[in-house]
Amino acid sequence: MAPVTRFAPSPTGFLHIGGARTALFNRLYARRFGGSFRLRIEDTDRERSTPEAIEAILEGLTWLGLDWDGDVVFQSARAERHREVANTLLSKGLAYRCYATPEELAEMRALARAEGRPPGYDGRWRDRDPAEAPTDRPAAIRFKAPREGEQVIEDLVQGSVTVANRQLDDMVILRSDGSPTYMLSVVVDDHDMGITHVIRGDDHLTNAFRQRQLYQAMDWPVPHFAHLPLIHGPDGAKMSKRHGAIGIDAYREQGYLPAALRNYLLRLGWGHGDDEIISDADAQQWFDVADVGKNPARFDFAKLDNLNAHYLREMDDQALVALLLARIEQSSGSAATPEQVRRLTAGMTGLKPRAKRLDDLAQSAQVYLAERPLDYGSDALKLLSPDAKALLAGLRPLLEASGWEREELESLVRRYAEEILSPSVKLGKVAQPLRAALTASKVSPPIFEVMEIFGRAECLARLDECLSN
RNA sequence: GUCCCCAUCGUCUAGAGGCCUAGGACGCCAGCCUUUCACGUUGGUAACACGGGUUCGAAUCCCGUUGGGGACGCCA
């Protein structure tokens, strides 16, 4: 049977990196075995779910290239069905009304803890005569969980995990306001959607035991479970905003490529021999959730950067320029001129190997965007000493008479430095001031490549402006 | 506190009893390349948490210790 997986985020915040990996693994698993990958928004939480968060999740997934099959299911729209199941359980005697107050509940927990028992509901309304029910407040519906025996889950990642039923209390499935709880909703939705493999974060492992009880009570087939270890921050502690628990949109803003993120996330907790750069096609062919490691992985930006640099270099120049232009327009508020686009496109080869992310690429791309008069900073000025300017002044007539192809320019300047000036003067002695004069910077792509792209007229004009200052 | 899970270089991992003198990648260090910065390239640094077993033989199996993580809501 082809697997059906799903990603089921709750829209209470942005799509974070852990969620993205969960979605990736679900999708990969479904693709690998010819199944389908569904998306369900768990928006049963009253106030905390926001339309903005839903939007951020859908956008984030789409941007990452993690498209889903079929329509998005909104859990909130299925509340009626959830209630129906709760009532079925009630009529089967597998659920009951509970009138315990929040204060009572807190006491129970404190007491249990003090006595060294697992904290939880003590079952005080479990077998109570309904005639004793108070009339002044509504009841919540609790699941009548089995007290004896144990729950065994053959988790695809965690292996066989067992918990005694006595560790599990009677969970609320319908709140006193009549709204279904998450615990009920997931089970009903996963069942109704025909989900065969529940692949999700490790933090849900203990929920799986309770959910299993529910499946059994309804006499539904229990899906396969796979609980993925969580992603930790670089210091081993829980991901915090400081180190990566930022929205996926923040990665996008910093200039990470979807392909790089996919590759990086895939290698977090999973490996395929010595392979590091893994194409989507290979990932789809190789990935199996059963091969995911059980230990939590730390997030490492240095490795992500390295991977991103790789995908950046592999990317088509035109596509990269388009991304860059959008970014530049957004920050400067104005569109690039055709001449700037021409320079940028021509300069891509030299720019690409120098960048890790789109943000630093945009930074170094300034070389091709800046217009005269150039704004010389202290770094450039340092290279433009009177002596250096004198060298450049001597070079000017030679440049004017030269062809304008990069190799020709290079050999010209080399000859100027080593033969005309002195054998001890290296190319760099002239090339560095030249770079400073033409780009107002001390670093740039190879200066002769830059010169070729700018063209003779522009270069001479820049040189003149620089020398006349 | 109760329950569950985990443990190989700094990080991500390969490793399913002899192929391990523990492999790869990122990072870091050094050399080469070089007009700057990068790219590239060559080499180097660095790990089986600890203690007991089992076995002819253990990174691999078992137990314990320590250290991490997760879950214990009328949140999801």
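Order of the sequence lines fixes the chain letters, A, B, ..., with proteins taken first and strands second; residue numbering starts at 1 for each chain. Only this structure's heavy atoms are used, side chains among them; waters, hydrogens and symmetry mates stay out.
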Checklist entry - Would you say B:rG27 has OP1 or OP2 under 4.0 Å from some side-chain N or O of A:Asn306? => result yes

Next on the checklist: Between A:Thr22 and A:Arg200, is there a side-chain donor-acceptor contact under 3.5 Å, judged purely by atom types and distance?
Outcome noted: no

Checklist entry - Would you say the base of B:rC72 and the side-chain of A:Thr206 have a donor-acceptor pair closer than 3.5 Å? => result no

Next on the checklist: My understanding is that a pair needs two contacts under 3.5 Å, Watson-Crick or G-U wobble. By that rule, which nucleotide pairs with B:rU21?
Outcome noted: none

Item to check | P atoms of B:rU60 and B:rG52, separation to the nearest Å | outcome: 14 Å

Checklist outcome for this item: In B/S/- notation (B base, S sugar-phosphate only, - none; protein heavy atoms under 4.0 Å), nucleotides 29-46 of chain B written 5' to 3' is ------BBBBSS------

Item to check | Short side-chain donor-acceptor distance under 3.5 Å, A:Asp305 and A:Tyr256 | outcome: yes

Checklist entry - Starting at CG of A:Asn207 and ending at P of B:rG70, how long is that distance when rounded to a whole Å? => result 15 Å

Checklist entry - Judged by modelled atom types alone, do A:Ser179 and A:Asp177 share a side-chain donor-acceptor pair under 3.5 Å? => result yes

Item to check | Who pairs with B:rC9 - Watson-Crick or G-U, where each distance is under 3.5 Å | outcome: none

Checklist entry - Roughly how many Å is it from NE2 in A:His227 to P in B:rC3, rounded to a whole number? => result 20 Å

Checklist entry - For the pair made of CZ in A:Phe209 and C1' in B:rC4, what is the distance, rounded to whole Å? => result 7 Å

Item to check | Complementary nucleotide of B:rG73, counting Watson-Crick and G-U pairs under 3.5 Å | outcome: none

Item to check | B:rA16 to B:rG10 separation - P atoms, rounded to the nearest Å | outcome: 23 Å

Checklist entry - Taking OP1 and OP2 of B:rC74, is either one under 4.0 Å from a side-chain nitrogen or oxygen of A:Arg142? => result yes

Next on the checklist: If we count only N and O atoms by modelled type, under 3.5 Å, do the side chains of A:Gln213 and A:Asn165 hold a donor and an acceptor together?
Outcome noted: yes

Checklist outcome for this item: pair_partner(B:rU54), Watson-Crick or wobble, both distances < 3.5 Å, evaluates to none

Checklist entry - Given side chains that start at C-beta, do those of A:Phe225 and A:Gln211 come closer than 4.5 Å, heavy atoms only? => result yes

Checklist entry - For B:rU34, which nucleotide is its Watson-Crick or G-U wobble mate, given both distances must be under 3.5 Å? => result none

Checklist outcome for this item: From NE2 of A:His232 across to C1' of B:rG10 the rounded distance in Å is 17 Å

Checklist entry - In terms of side-chain heavy atoms, does A:His227 have a donor or acceptor partner in A:Asp202 at a distance below 3.5 Å? => result no

Next on the checklist: Under 3.5 Å, is there any donor-acceptor pair linking the side chain of A:Asp43 to the base of B:rA76?
Outcome noted: no

Item to check | Distance below 4.0 Å between A:Thr12 side-chain N/O and B:rA76 OP1 or OP2 | outcome: no

Next on the checklist: Under 3.5 Å, is there a donor on one side chain and an acceptor on the other for A:Asn263 and A:Tyr311?
Outcome noted: yes

Item to check | Whole-angstrom distance between B:rA46 and B:rU13, as gauged at atom P | outcome: 23 Å

Checklist entry - Just by distance, with hydrogens left out, do A:Ser185 and A:His82 show a side-chain donor and acceptor under 3.5 Å apart? => result yes

Checklist outcome for this item: By the Watson-Crick or G-U definition, both distances under 3.5 Å, B:rC39 is matched with none

Checklist entry - Starting at the 5' end of RNA chain B, which residue's closest nucleotide do you reach first, A:Asp202 or A:Cys98? => result A:Asp202

Checklist entry - Considering only the P atoms, how many Å lie between B:rG57 and B:rG68, rounded to the nearest integer? => result 34 Å

Checklist entry - Base, sugar-phosphate, or nothing for A:Gly116, non-hydrogen atoms under 4.0 angstrom? => result sugar-phosphate

Item to check | Pairwise side-chain contact, A:Ile248 with A:Leu64, heavy-atom cut-off 4.5 Å (strictly under) | outcome: yes

Checklist entry - Between A:Tyr264 and A:Asn308, is any side-chain donor less than 3.5 angstrom from a side-chain acceptor? => result no

Item to check | Donor + acceptor pair across side chains of A:Gln284, A:Arg32 (<3.5 Å) | outcome: no

Checklist outcome for this item: Quick tally for nucleotides 11-20 of chain B: nucleotides whose base has a protein heavy atom under 4.0 Å get B, sugar-phosphate-only ones S, the rest -, giving SBSS------

Next on the checklist: Strictly below 4.0 Å: does A:Arg109 bring a side-chain N or O up to OP1 or OP2 of B:rG73?
Outcome noted: yes

